[in-house]
Amino acid sequence: MKLAMLRLPAAWATVAAVTFGPAIVPDALSGVVAGLLFLWLLGIIFWAAFGVVHEAEEIAERLGEPFGTLILTLSIVIIEVALISAVMLGAKDVPTLGRDTMFAVLMIVLNGVVGLGLLVGGLRHHQQSFNLQGASSYLAVTIPLAVIALVLPNFTTSSSTGTLSTVQSALFSALTIALYGIFLWLQTGRHRAFFQPVGTGAEQAPEASSSATPPGTPMPHADDDSTPLWRHVVLLLANILPIVILSKSLATLLDAGIEATGAPIALSGIIIAMIVFTPEGISALRAVAANELTRAVNLCLGAATSTLGLTVPAVLLIGLLTGQAVVLGLSAANMVLLAMTLVLNALTFSGNRTTMLEGAVHLSLFAVFLVLVFSP
């Protein structure tokens with residue numbers, strides 16, 4: 001608890017040092033100093049990200065599902081967009097960063113976290129149940145958005161391979177935002193019961209549940225915490241802002257480090273995805289261990305849906321405003337891997353119970369993804 005109280009002072013002290021101190025120029029730093037500085041910024045960002053998770057979970061206890069996981073997911077995706085934007089607006093042209101990050105998020109969340117979660121849940125609880133209607137709704141939005149964003153650009157002829165024309169970028173961005181907006185409207189309103197745990201009676205009578213418990217109705221707080229809700233909201237924003245501000249400096253060091261070591265360019269997107277979604281992944285695994293699979297499904301599938309729904313328009317907008325080329329189309333091998341991932345998730349969440357077997361298969365696909373990064 002005492003250590004958690006130091007989180008915000010340490011984060012904002014680092015922000016002050018980066019903002020008002022000397023500019024971070026990797027070429028002017030020795031490898032050791034640059035490495036230590038990168039680790040420090042990475043540690044602070046991770047620490048602040050756990051603060052985001054904590055405050056979002058506090059808010060979740062007050063508001064109930066699906067608002068709890070939605071607030072956490074949107075907070076995490078905002079951080080992701082900030083990190084990608086910081087790199088794209090830097091000095092070096094990185095046309096594939098948005099694609100690599102979105103693909104890494106999908107692989108980490110839909111294969112890594114889902115696989116580990118189902119494996120742990122199977123070992124501990126044998127079988128686990130979840131709200132099938134919610135999972136199906138997530139996948140119904142995620143599958144077309146993933147194909148439109150990461151596969152279709154390879155087959156258009158109005159621009160070079162893997163990219164979209166200006167008209168396509170504008171129209172696809174509008175389509176993505178509209179579809180995601182409709183999904184959020186249904187998730188928090190008419191079909192809110194789809195995203196609530198099974199066994200509450202909500203899934204049998206969604207309309208009745210919606211009218212009996214209006215969106216935004218505070219839920220009982222297990223710890224009887226008297227802290228007002230607005231304070232948790234302020235602390236949530238106070239933990240997000242340092243991450244957004246420090247992302248520019250971290251991106252500068254990350255870009256220089258990958259260039260100096262000759263690491264695969266795709267590694268940049270993977271590191272950003274891991275920075276952003278590790279806290280949310282831990283939150284999902286804790287939910288699985290507590291036999292709250294619906295919450296874990298909301299976190300994992302919601303992360304994939306929100307990433308595509310918000311990151312694609314942001315990346316395309318930056319490309320249009322700056323004149324940068326934005327390559328979205330995946331390689332042939334990664335398209336096959338994406339297709340297998342989407343089909344596997346559709347099969348995994350086609351019934352309302354899961355076992356260890358699904359977890360093992362998802363982890364196998366995640367291992368293939370890691371191999372292909374370093375050995376394309």
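Start at 1 with the first residue, then count along the sequence. Quick caveat: nothing in here was measured; it's all calculated off a predicted structure.
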Under 4.5 Å between side-chain heavy atoms, counting indirect links through other Ile/Leu/Val/Met/Phe/Trp/Tyr residues: same cluster for Leu116 and Leu293 or not? no
Do Leu150 and Leu106 have side-chain heavy atoms sitting under 4.5 Å apart? yes
Judged by atom type as modelled, is there a donor-acceptor pair below 3.5 Å linking the side chain of Trp47 to the main-chain atoms of Ala10? no
How many angstroms lie between OG1 in Thr294 and CG in Leu299, if you round to the nearest 0.5 Å? 11.0 Å
When you group the ILVMFWY residues by side-chain heavy-atom contacts below 4.5 Å and let the links chain together, are Leu330 and Phe366 in the same group? yes
Quick one: does any side-chain atom of Asn111 pair with a main-chain N or O of Leu365 as donor and acceptor, under 3.5 Å? no
Look only at the side chain of Glu58 and the backbone of Glu55, and say whether a donor-acceptor pair between them is shorter than 3.5 Å. no
Minimum heavy-atom separation for Ala135 to Val297, with atom names? CB-CG1, 4.0 Å
Test side chain to side chain contact (heavy atoms under 4.5 Å, CB included) on Leu235 and Leu8 and set out the steps. CA-CA 9 Å; Leu235 288 173; Leu8 279 179; 3.7 Å; yes
Pair Thr348, His362 - check side chain to side chain donor-acceptor pair (under 3.5 Å), show working. CA-CA 9 Å; Thr348 296; His362 280 277; 2.8 Å; yes
Looking only at heavy atoms, the pair that brings Ala48 and Arg7 closest together is CA-CD, 4.0 Å
First locate atom CG of Leu118, then atom CG of Leu123, and finally report the distance between them rounded to the nearest 0.5 Å. 11.0 Å
Is there a side-chain contact between Val234 and Arg231, using heavy atoms and a 4.5 Å cut-off? no
Are the side chain of Thr163 and the backbone of Ser160 linked by a donor-acceptor contact shorter than 3.5 Å? yes
Distance-only side-chain donor-acceptor flag, Thr307 / Thr311, under 3.5 Å: no
Side-chain contact test, heavy atoms from C-beta onward, threshold under 4.5 Å: evaluate it for Thr161 versus Phe155 and give yes or no. no
If you apply the rule side chain to side chain contact (heavy atoms under 4.5 Å, CB included), what do you find for Leu372 with Asn334, and how did you get there? CA-CA 8 Å; Leu372 290 177; Asn334 284 341; 4.3 Å; yes
Should we count CH2 of Trp40 as having more than 12 external heavy atoms under 6.0 Å? no
Pair Thr305-Thr142, side-chain donor/acceptor within less than 3.5 Å: yes
Within a reach of under 6.0 Å around CZ of Arg124, are more than 12 heavy atoms found that belong to other residues, nucleotides or ligands? no
Measure the CG-OG distance between Leu41 and Ser249 for me, rounded to the nearest 0.5 Å. 6.0 Å
Would you say the side chain of Phe194 lies within less than 4.5 Å of the side chain of Ser136, judging by non-hydrogen atoms? no
Does the ring center of Phe349 lie less than 6.0 Å from the ring center of Tyr138? no
From CZ (Phe103) to OG (Ser331), nearest 0.5 Å: 7.0 Å
Establish whether Leu363 and Val361 are linked, either directly or via other cluster members, by ILVMFWY side-chain heavy-atom contacts under 4.5 Å. no
If we only count heavy atoms from C-beta on, is the Gln128 to Val288 side-chain gap below 4.5 Å? yes
Does the side chain of Val326 come within less than 4.5 Å of Leu164's, by heavy atoms? no
If you define the side chain from C-beta out and look only at heavy atoms, does anything of Leu184 sit under 4.5 Å from Gln187? yes
Same cluster (ILVMFWY, side-chain, under 4.5 Å), Leu119 and Val114: no
Can you check whether Leu246 reaches Ile44 side chain to side chain, under 4.5 Å on heavy atoms? yes
Just checking Met274: does its CE atom have more than 12 heavy atoms from other residues, nucleotides or ligands closer to it than 6.0 angstrom? no
So, for Ala314 and Val81, which heavy atoms are closest and what is the spacing to 0.1 Å? CB-CG1, 3.8 Å
Just by distance, do the side chain of Thr96 and the backbone of Arg99 share a donor-acceptor pair under 3.5 Å? no
Criterion side chain to side chain contact (heavy atoms under 4.5 Å, CB included) on Leu370 and Met107, from CA distance to verdict: CA-CA 9 Å; Leu370 293 178; Met107 293 300 105; over 6 Å; no
Using the rule that Ile, Leu, Val, Met, Phe, Trp and Tyr join whenever any side-chain heavy atoms are under 4.5 Å apart, tell me whether Leu328 and Leu321 fall into a single cluster. no
Atom pair CG/OG of Leu320 and Ser173 - distance to nearest 0.5 Å: 7.0 Å
Side chain Thr156, main chain Pro153, donor-acceptor under 3.5 Å: yes
Considering all heavy atoms of both residues, which atom of Gly329 and which atom of Asn154 are nearest to each other, and what is their separation? CA-OD1, 3.3 Å
Euclidean distance, Phe369 CZ relative to Thr341 OG1, rounded to 0.5 Å: 9.5 Å
Aromatic rings Phe183 and Tyr180: how do their planes relate, parallel, tilted or perpendicular, breaks at 30° and 60°? parallel
From CA spacing to verdict: side chain to side chain contact (heavy atoms under 4.5 Å, CB included), Phe172, Ile148: CA-CA 8 Å; Phe172 286 179; Ile148 291 171; 4.1 Å; yes
Heavy-atom closest pair (Gly351 atom, Phe130 atom, distance to 0.1 Å) is O-CZ, 2.7 Å
Shortest non-hydrogen contact between Ala284 and Val113, atoms and distance: CB-CG1, 4.1 Å
I'd like to know if the side chain of Asn298 and the backbone of Phe195 have a donor-acceptor N/O pair within less than 3.5 Å. yes
